[in-house]
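Below is one structure, written out as structure tokens, with a few remarks after it.
So that the names make sense, note that chain A is the first sequence line, chain B the second, and so on, each numbered from 1. Worth saying up front: this structure is predicted, and the values here are computed from it rather than measured.
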2 protein chains.
Amino acid sequence: MPYDPSAFPPFAVTVDLVVLTVRRDALCALVVRRGEEPYEGQWALPGGFVGADEDLSRAAARELQEETGLRAHETAGGFPGAHLEQLATYGAPDRDPRMRVVSVAHLALAPDLPSPTPGGDAQGARWAPVDDLLGATDISHRNAGGAHKASLAFDHGRILAAGVERARSKIEYSSLATAFCPPEFTVGELRRVYEAVWGVVLDPRNFHRKVTGTPGFLVPTGGTTTRQGGRPAQLFRAGGANLLNPPMLRPEV
Amino acid sequence: MPYDPSAFPPFAVTVDLVVLTVRRDALCALVVRRGEEPYEGQWALPGGFVGADEDLSRAAARELQEETGLRAHETAGGFPGAHLEQLATYGAPDRDPRMRVVSVAHLALAPDLPSPTPGGDAQGARWAPVDDLLGATDISHRNAGGAHKASLAFDHGRILAAGVERARSKIEYSSLATAFCPPEFTVGELRRVYEAVWGVVLDPRNFHRKVTGTPGFLVPTGGTTTRQGGRPAQLFRAGGANLLNPPMLRPEV
DNA sequence: GCAATAGTGTCTATGAGACAATATAGT
DNA sequence: ACTATATTGTCTCATAGACACTATTGC
């Protein structure tokens, strides 16, 4: 308690980002290839140092912008942009062999982006299905059935798992699933987001009744689209409601 | 991304603790009086620096032990001890006027302790009802109706509010409410915990049916007690179940 | 017409909440 | 007897999930 600010162990503080999106009906995370030791050549989560006079959330938003071009905002709704929130902080003494680094992990949820490999200052970046990234436990460069699998650098596998779990549980009781959708979307497209994130199949009819019956969740724009084929579907925007009550229920609990 | 470990801004990293308990049917938090500037004489959350080779959770457990004598454990169940989990990290550049400090806040839930002011190396420590601590917004030393109210030092008011909100929501879908109870407790005592944390009144009959009907939540020990008066009540221990399904529902949502 | 997706209606089982009734202690 | 708490039972309403059915497009 006698808290002496002149004698304290020095730490480096970074932000790491779990950026999730839904591509081709699969939940994907943004990973970058490391260009230097340690873990050179392996995939890692994007991130970087927090500036000397920079707030943590601001550092996270800056990194997100640098990696994806997306602007972050707190509440789901306005587009284009991504939802950004703090996830957890990782600070095991040996998590980086070079020095003592405390990393404040953040979670970002973004709509599917046009460019497959978003621009950034990393050597390489790609969207990888989280099942591939998390399927590999510790075995580097394991190839099973043609799937590209390799464990992430540092403790980024744990961080990614925490981010995925947070996203999975949060779309239950909040309207955050709309953060994965373009500005206007159909009920079917929103349902495919839930199906991709949870890895389940939902009844289209019950889902439709549920989401359209929850006040403030969806706002009809008046337009329709047939981009999914079949009967034209109404287009919606995300409503102002942030908390869903009652929640969407994940099946088989 | 070209991440140069030799050139990084130095940070101090601390842990701050939101330690909650239920005393006299009120949710209370542990606060300590500051013995030095800034905010000298004001109440603050307990906390301290993270050691050079110390994990974050270990530093939090150490501080908890120093302040309350409680040993921390991850899962609710074994006693005596407190539930401890990471809450969030606060790192605004100006949150401490002396230097750049990033604080990893932790949440601890403890049963009511025998000593009103637990031992510790702080000048003074006490359990204060969270309603009193959070009722004060920015006005230092406001006295309303004899209640002792003063806003907390630094950004500790925000941190406490986040901890209280986490506790309130987490007892809905987990068995964490038992962390506020002694090793053996009655259904009525558990109900009073929920009522104190949520600030509501629950129907004793529906509550009883609900908690005893949730598999794995409560395990009868065989004993009974009349310490609450009236008909003897069965004693229970916390069961192994960590997640409640279906959850306890907070009324008036 | 046929395939595909959108959307509505109906039925049933489950659980939450209201509340009557009974049980067992202390005074 | 009276009060206080515990515990069980019963009733009603809302909703999740299963699923039949209709609607509207493109081919």
If you define the side chain from C-beta out and look only at heavy atoms, does anything of A/Asp16 sit under 4.5 Å from A/His106?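 Side chain of A/Asp16 against side chain of A/His106, heavy atoms only: no contact under 4.5 Å found.
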
Step by step, work out the side chain to side chain contact (heavy atoms under 4.5 Å, CB included) result for B/Leu113 and B/Trp127. CA-CA 10 Å; B/Leu113 298 176; B/Trp127 293 105; 3.7 Å; yes

Of the residues in residues 200-213 of chain A, which ones touch DNA chain D at a heavy-atom distance under 4.0 Å? A/Asp203, A/Arg205, A/Asn206, A/Arg209, A/Lys210

If only atom types and distance count, is the side chain of [X] paired as donor or acceptor with the main-chain N or O of [Y] below 3.5 Å?
X: A/Glu67; Y: A/Pro46; value: no
X: A/Ser175; Y: A/Ala241; value: yes
X: B/Thr21; Y: B/Pro111; value: yes
X: B/Gln86; Y: B/Ser57; value: no

Assign A/Arg191 to base, sugar-phosphate, or nothing according to its heavy-atom contacts below 4.0 angstrom with the strands shown. sugar-phosphate

For A/Arg24, I'd like to know if atom CZ has over 12 heavy atoms of other residues, nucleotides or ligands within 6.0 Å. no

Crowded around B/Arg168 CZ? As in, over 12 foreign heavy atoms under 6.0 Å?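 Above 12, so yes.
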
Mind checking which nucleotides bracket the chain A contacts on DNA chain C, 5' to 3', with an atom under 4.0 Å from a heavy atom?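 First-to-last contact on DNA chain C, by the 4.0 Å heavy-atom rule, is C/dA4 to C/dT10.
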
On DNA chain C, nearest-nucleotide positions of B/Pro246 versus B/Gly229: which is more 5'? B/Pro246

Atom CG of B/Leu202 and atom CG of B/Leu249: how far apart are they, to the nearest 0.5 Å?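 Output value for this atom pair is 10.5 Å.
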
Leading and trailing nucleotides of DNA chain D with any atom under 4.0 Å from heavy atoms of chain B: D/dA4 to D/dT10

Does A/Arg192 come within less than 4.0 Å of A/Asp25, counting only side-chain N to carboxylate O?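 Salt bridge between A/Arg192 and A/Asp25, a charged N being under 4.0 Å from a carboxylate O: no.
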
